[in-house]
Amino acid sequence: MRFSTVLMCYSKLPKRYSNFPDKYVKKQTEFIQWETPRRVNYNPTKIRWTRYPYYDRYRSWTQAFQAMNKPGEQKPRIWVEPMERFYVFNGDRVQVLRGKDKGKQGVVKYVVEERNWVFVEGLNAVRTIRQMAEDSKYVTIVEQPLLVPRDVALVDPSDKQPTTIKWKYTETGELVRVSDRTGYIIMIPLEAFKTYDYLTPEQYIESPKDSNLEETTKVTFEPVLKTFEMDIADQQGIKEDRIPHKTYWY
Amino acid sequence: MNSLVRQFLNLRTINCLQVVHKRAYSVTHEEKPLATTSTTPVSEPATRTSEPDTTGLYEFFDSPDNWGEQIVRVGRAWRVEELRVKSNSDLHKLWFVLYKEKNMLLTMQEAHKSECRAFPNEERIDKVEESMENLEKIVRERNAAYFKLEVSEDATAERSMAFRMDQFGRWRWQPIYEHFLPYKVSKNWRTVFGPGHGKDVNEFIRAWKERRRNAEYSKLKRQHYTVRNLLRRFPSIDLDYLQRKYPQVPVQHYKDNLNFEPEYKNLVSRGAYEELH
């Protein structure tokens, strides 16, 4: 079925690289119980069952998120440290500062910006052994969230030690992460730009519904001293020679 | 899904099809001379062939290749920069392409809903709407440029607004409308939509202002509460950013005058904390 397969694929992606339009993502966290009809005689109002969505590891467009936030569910208020710009991305090498894997380094596989969470591959994980038959056992490994910046620090590539960072502009105007200790620029890994549709924008395969790349980038604009409506009317051969009645605007 | 859409077609477009078939009948009758007494039956209206039609009303439906698909992959919406380099006639054509696509998507969504199926890639509707909004933005931009050149620097192609008192006594920016009669003559319009006055209006304004003031005050108090709690919970928080986010709250003052150790408070429950101290 769709919800068990397709949405699972989507759920692995970070919010801003899922290739969904912002409008669609925002619609998932509105929780509208009742909305006034869109007519003139109604004062536009929306009644919601919650004002503040409860975020967990599930993406907001998944069924698990909607089930977690269904009406009548009581969830605690979560305090999240406000950050100007979140600085850990998929594919980053980080060091764990707390917990049983303290001091170990690993690669970030999953990020939840709404909670300042990162999930590091194989670290801070819960292992459970299950026995299906007498002979066969198998282990499931589920990574647990690590809070940024309390539990996790980025690793400086120059000396492989954890550092704090600052966002700075280079001379060419690019925004980069700079290590506080050594001044080394920590590049954003390529894996962070991966989306569900393509690895890099150049590798995207056009679907039959898409417009051609050459057509989209072709410049056909010609400056004319006309409004849009006047230009179209001239092209269609519509002539307007009626004299409008005198009117008043108030 | 194939049968699904066909059922839907039969249900929803039956009236249109009947009209088409009736016309077909009448044409065949006229062509045949009435005098002939041959027993050949009147030709049946052409039943729909296995190849589905994709013209006319069927353009409201997706192409049959996409029926029953779980994923329909499409690219992103048109951006403003891409639309800005297009000519007026191109934009005019593109508008109708997008308009037809949106109609098709909404029809297919309704068809899926009526059959209790999941509509694949609902975000396509949002993508089309976004590109239509961007296109409209560009048209506005061009019209505004023409008005600035030809009329005056303040003139735009938009409907102008007026800052005036409405019928409830509130000072607001309101859109103005076109009328046949001048303002002074149309007394009936003034009594309904003109500036309100009197005892009821004064009472309403007093209550409305009080309510608005209270809302602002409670919002400010909530901001103070959040800042205090954030400072307690996250000792190494970026103070500059917090001050920029909540400009009305004295962040540094709260940071200097936190009245207990934050970590201790979090670990110990409220009752235990009061017992110890």
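We use all heavy atoms of the structure for the numbers below, so side chains are in, but hydrogens, waters and symmetry mates are not. Protein chains get the first letters and strands the later ones, always in sequence-line order, with residue 1 at the start of each.
For the residue pair A:Y248/B:S186, the side-chain donor-acceptor check at 3.5 Å is not satisfied. Donor-acceptor pairing under 3.5 Å is lacking for the side chains of B:S87 and A:E222. Checked by atom type, the side-chain pair A:E229/B:N143 shows a donor-acceptor distance below 3.5 Å.
At a 4.5 Å heavy-atom cutoff, the contact between A:M230 and chain B is made by side-chain atoms alone.
In this structure, B:F147 and A:T227 have side chains that are in contact, with non-hydrogen atoms separated by less than 4.5 Å.
Separation of the B:F234 and A:W79 ring centroids does not fall under the 6.0 Å cut-off.
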Would you sort out whether A:K23 and B:E123 count as a salt bridge (Lys or Arg N to Asp or Glu O under 4.0 Å), showing the intermediate values?
CA-CA 9 Å; A:K23 208 174 168 185; B:E123 77 277 1; over 6 Å; no

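The residue among B:L149, B:L181, B:D90, B:V72 with the most heavy atom pairs within less than 4.5 Å of chain A is B:L181. Of the listed residues (B:R84, B:E130, B:K86), the greatest number of heavy-atom pairs within a distance under 4.5 Å of chain A belongs to B:K86. For the options B:S89, B:A162, B:S63, heavy-atom pairs under 4.5 Å to chain A are most numerous at B:S89.
Within a 6.0 Å sphere centred on CD of B:E81, other residues, nucleotides and ligands contribute more than 12 heavy atoms.
Between the side chain of A:T247 and the backbone N or O of B:H179, no donor-acceptor pair lies under 3.5 Å.
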